[in-house]
Protein chains: 2
Amino acid sequence: MKYGIGEFSRITSLSIKSLRLYHEKEILVPSEVDQFTGYRYYNEMNIEFAKTIKILKEYDFSLAEIKEIIDEFNDESEILEQLIKKKNEIEKKIARYKDISVSIDSIIKKEKENKMRIENEFEIEEKEIETMLIAAYRMKGKYSDVGKGFGVLAKNFGSEINGKAMCLYYDGEYKEDDADIETCFPVRKGKDVDGISVRGLKGGRCVSLMHKGPYELLGESYRKIFNYINARNYNTLIPSREVYIKGPGMIFKGNPNNYLTEIQIFIQR
Amino acid sequence: MKYGIGEFSRITSLSIKSLRLYHEKEILVPSEVDQFTGYRYYNEMNIEFAKTIKILKEYDFSLAEIKEIIDEFNDESEILEQLIKKKNEIEKKIARYKDISVSIDSIIKKEKENKMRIENEFEIEEKEIETMLIAAYRMKGKYSDVGKGFGVLAKNFGSEINGKAMCLYYDGEYKEDDADIETCFPVRKGKDVDGISVRGLKGGRCVSLMHKGPYELLGESYRKIFNYINARNYNTLIPSREVYIKGPGMIFKGNPNNYLTEIQIFIQR
DNA sequence: CTTGACTCTCCCCTTGGGACAGCCTTTATA
DNA sequence: TATAAAGGCTGTCCCAAGGGGAGAGTCAAG
């Protein structure tokens with residue numbers, strides 16, 4: 001019995017392309033090649049080899065490895081070593097892919113959260129904020145210096161961070177250069193270290209507005225929120241907060257037009 | 001500030017080869033290319049892009065995908081879809097690799113078992129065999145027909161099989177054509193179905209010899225074992241057993257020289 | 001000016017898939 | 001019956017995502 005390449009391909013479920021390649025690499029040589037037409041013809045013995053090759057391919061051996069194996073060995077027990085090596089490689093790949101999966105998943109979750117938050121975007125609302133434990137680093141300086149503060153906090157409490165970065169503003173008014181700012185992160189636990197205070201941050205009732213866009217345009221949102229507060233004659237408390245829901249991302253440096261910042265002005269009840 | 005390709009490679013941990021490729025594909029174009037020497041020079045902006053590319057590469061995006069993403073988007077939220085798709089791909093890979101891992105593992109375990117068995121190879125020994133539950137299919141025919149019997153058993157009890165295939169020989173002598181053979185598998189549980197008897201197979205004391213090599217040479221091992229038995233004036237019982245420790249393998253059809261068959265002749269106490 | 005460190009381009013390798021041109025056989029139609 | 005179309009077969013070239021290496025040109029320090 002002899003089979004043409006198409007038929008043999010159907011028998012073995014190896015593509016014609018692959019069969020030609022295996023021939024070229026002398027991994028699976030047809031039993032007969034027509035001298036004039038170049039047509040490949042296969043026989044039963046080829047089928048046996050093809051089965052072995054298919055299984056080794058499923059086990060992720062490269063063609064070079066497969067060639068070596070079928071040229072030199074003909075029993076499972078003789079390639080135990082190779083099987084063990086291959087298994088280790090595969091375990092490594094699994095571990096790597098699992099890492100990636102977890103990592104992508106966390107980004108996806110974060111973005112979905114943000115999406116939900118955007119739903120009620122641009123609506124001023126009043127709400128209750130719970131008391132939370134924070135690690136805080138107080139500083140005087142320019143608004144643009146807060147990055148440094150977050151750096152200090154992240155270095156000391158990286159693994160305990162439990163929420164979005166925030167700033168507390170202790171000035172009643174806008175100050176260009178010498179603002180009194182406290183950068184902070186919600187944390188799970190921890191205690192004071194040099195310059196960083198870990199404490200409960202009292203909650204309360206606040207007026208909140210989600211600001212979407214670059215930090216430079218925050219002024220506009222502040223104007224809106226104060227209009228609302230003044231219209232109702234609320235008495236505001238200090239400090240006010242900015243919660244940085246979304247800034248530069250993990251993948252992209254980020255498009256400032258998508259930054260999300262929640263402004264919280266606390267009021268007396 | 002501008003960096004040569006080597007320096008930039010060190011900064012970004014991207015290989016020089018990769019950088020040249022990314023340039024060619026217009027994924028990461030150097031800020032400046034010397035018109036005469038062709039030297040590539042990079043700047044800070046390139047570093048930002050390089051970071052994004054690195055992360056996407058870690059997440060297993062292809063260069064084509066990366067190019068599309070960085071050309072069209074600049075925020076995580078915009079590529080949520082791609083991230084989800086990629087995550088699904090990765091989950092599939094994990095599943096596939098896990099399958100492979102399990103499969104290779106079972107071969108490894110089997111081979112290791114066999115290796116241990118070979119340790120005390122070729123030594124005739126006397127031992128006790130426990131009673132075991134078997135599914136058995138009795139037939140009359142040639143020795144070479146037993147494959148059919150095992151096929152029937154495997155089809156009906158595939159998932160319950162609990163040990164190596166065996167044959168029970170009810171003839172006291174060698175019979176060429178019309179041997180009375182019972183093919184059987186140890187099973188976990190099950191009950192009689194057409195032609196197949198499920199029952200306890202009584203154990204007892206037996207003389208055992210491991211035969212290594214093709215089935216055609218079993219005669220030699222039988223000679224050895226009967227010499228041993230006759231020398232001691234043991235009374236043998238019927239049926240005798242052959243346990244097929246190792247035959248054709250999962251990967252290789254198998255080298256008959258490595259086949260392992262244990263002959264068990266039961267004796268009266 | 002020399003030397004050693006860089007950098008350039010070009011080619012080979014992996015494991016097939018896709019496209020394309022040319023040859024052969026089989027089948028359907030005029 | 002002659003012819004044409006369909007489909008199978010062949011080979012060749014391009015592509016992914018870089019690593020390895022050759023051979024030649026370039027830069028900067030001594």
Side-chain angles (χ1 to χ4, degrees), chain A residues 2-42 46 50 52-70 86 89-90 93 96-97 100, chain B residues 1-42 46 49-50 52-70 86 89-90 93 96-97 100:
Chain A
K2 70 181 189 182
Y3 312 98
I5 196 170
E7 200 177 353
F8 191 71
S9 158
R10 264 169 264 128
I11 292 172
T12 59
S13 341
L14 289 166
S15 75
I16 293 179
K17 282 283 189 183
S18 304
L19 290 173
R20 290 207 264 252
L21 184 67
Y22 299 166
H23 181 190
E24 188 189 332
K25 295 206 179 297
E26 299 187 305
I27 292 170
L28 182 55
V29 180
S31 61
E32 186 191 332
V33 179
D34 188 298
Q35 197 179 345
F36 302 107
T37 66
Y39 276 33
R40 297 167 176 84
Y41 296 99
Y42 295 84
N46 289 136
T52 300
I53 291 169
K54 271 207 69 167
I55 294 172
L56 290 174
K57 263 203 337 163
E58 268 163 34
Y59 290 172
D60 233 42
F61 284 93
S62 73
L63 293 194
E65 290 169 322
I66 291 176
K67 179 167 171 53
E68 218 188 301
I69 288 175
I70 63 176
K86 188 54 72 179
E89 284 174 25
I90 286 168
K93 282 188 190 175
R96 182 180 152 239
Y97 281 124
I100 296 177
Chain B
M1 221 18 224
K2 70 180 190 182
Y3 313 99
I5 197 169
E7 200 176 354
F8 190 71
S9 159
R10 263 168 266 129
I11 292 171
T12 58
S13 339
L14 290 167
S15 74
I16 292 178
K17 283 284 188 185
S18 303
L19 290 173
R20 289 206 263 251
L21 184 67
Y22 299 166
H23 180 192
E24 189 190 333
K25 297 208 177 294
E26 298 187 306
I27 291 171
L28 182 55
V29 180
S31 60
E32 188 192 328
V33 177
D34 189 301
Q35 197 181 344
F36 304 108
T37 67
Y39 275 35
R40 296 165 178 86
Y41 296 100
Y42 294 84
N46 289 136
F49 272 93
T52 300
I53 292 169
K54 270 208 69 166
I55 294 172
L56 291 174
K57 262 200 342 159
E58 269 164 35
Y59 290 173
D60 234 41
F61 284 93
S62 72
L63 293 195
E65 290 170 322
I66 291 176
K67 179 167 172 51
E68 218 188 299
I69 288 174
I70 64 176
K86 187 56 71 181
E89 286 173 25
I90 286 169
K93 284 188 190 174
R96 184 182 151 237
Y97 281 125
I100 296 177

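Note on naming: letters A, B, ... go to the chains in the order of the sequence lines (proteins, then strands), and numbering restarts at 1 for each one.
Look at CG on A:Leu21: it is 7 Å from C1' on C:dG16, rounded to the nearest Å. Between A:His23 atom NE2 and D:dT10 atom P there is a gap of 11 Å when expressed in whole angstrom units. When the C1' atom of C:dT9 is taken as reference, atom CD1 of B:Ile16 falls 14 Å away, rounded to whole Å. Separating the CD atom of A:Glu7 from the P atom of D:dG7 is a distance of 19 Å, rounded to the nearest angstrom. We find that NZ of B:Lys67 is positioned 18 Å from C1' of D:dG18, with the value rounded to whole Å. Atom pair A:Leu19:CG and D:dC9:P shows a separation of 11 Å (rounding to whole Å applied). Rounded to an integer number of Å, the gap from CD1 of A:Ile27 to P of C:dC13 is 14 Å. In this structure, B:Asp60 places its CG atom 17 Å from P of D:dA16, rounding to the nearest Å.
Inter-residue side-chain proximity for B:Leu63 and B:Lys67 is flagged as unmet; no heavy-atom pair is nearer than 4.5 Å.
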Fill in: Test side-chain contact (heavy atoms from CB on, under 4.5 Å) applied to A:Tyr42 and A:Leu19, step by step
CA-CA 10 Å; A:Tyr42 295 84; A:Leu19 290 173; 3.8 Å; yes
Discussion item. Determine whether A:Ile69 and A:Ile66 satisfy the following criterion, side-chain contact (heavy atoms from CB on, under 4.5 Å), listing intermediate values before the conclusion.
Written reply: CA-CA 5 Å; A:Ile69 288 175; A:Ile66 291 176; 5.7 Å; no
Worksheet item: A:Thr12 and A:Tyr3: side-chain contact (heavy atoms from CB on, under 4.5 Å), yes or no, with the steps?
Response: CA-CA 11 Å; A:Thr12 59; A:Tyr3 312 98; over 6 Å; no
Practice prompt. Apply side-chain contact (heavy atoms from CB on, under 4.5 Å) to the pair B:Leu56 and B:Lys86, showing each step before the final yes or no.
Written response: CA-CA 10 Å; B:Leu56 291 174; B:Lys86 187 56 71 181; over 6 Å; no
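Of the residues in residues 31-40 of chain B, those lying under 4.0 Å from DNA chain D by heavy-atom distance are B:Thr37, B:Tyr39.
Using a 4.0 Å heavy-atom criterion, one finds that B:Gly4 contacts the sugar-phosphate atoms exclusively. Within the nucleic acid shown, B:Phe61 has no heavy atom closer than 4.0 Å to any nucleic acid atom.
Phosphate contact (OP1/OP2 of C:dT7, side-chain N/O of B:Tyr41, threshold under 4.0 Å): absent. In this structure, B:Ser18 does not reach the D:dA17 phosphate: none of its side-chain N or O atoms is under 4.0 Å from OP1 or OP2. When the side-chain nitrogen and oxygen atoms of B:Lys25 are compared with OP1 and OP2 of D:dA16, one or more of them lie within a distance under 4.0 Å.
Across all their heavy atoms, B:Tyr59 and B:Ile90 have their closest contact at O-CD1, 3.9 Å.
For the side chain to side chain contact (heavy atoms under 4.5 Å, CB included) test with B:Tyr41, the passing option among B:Asp34, B:Val33, B:Ile5 is B:Asp34; the others fail.
Checking B:Arg20 against B:Ser62, the closest nucleotide of DNA chain D that is more toward the 5' end is the one next to B:Ser62.
Side-chain atoms of B:Lys17 come within donor-acceptor range of the base of D:dG21, with a qualifying N/O pair under 3.5 Å.
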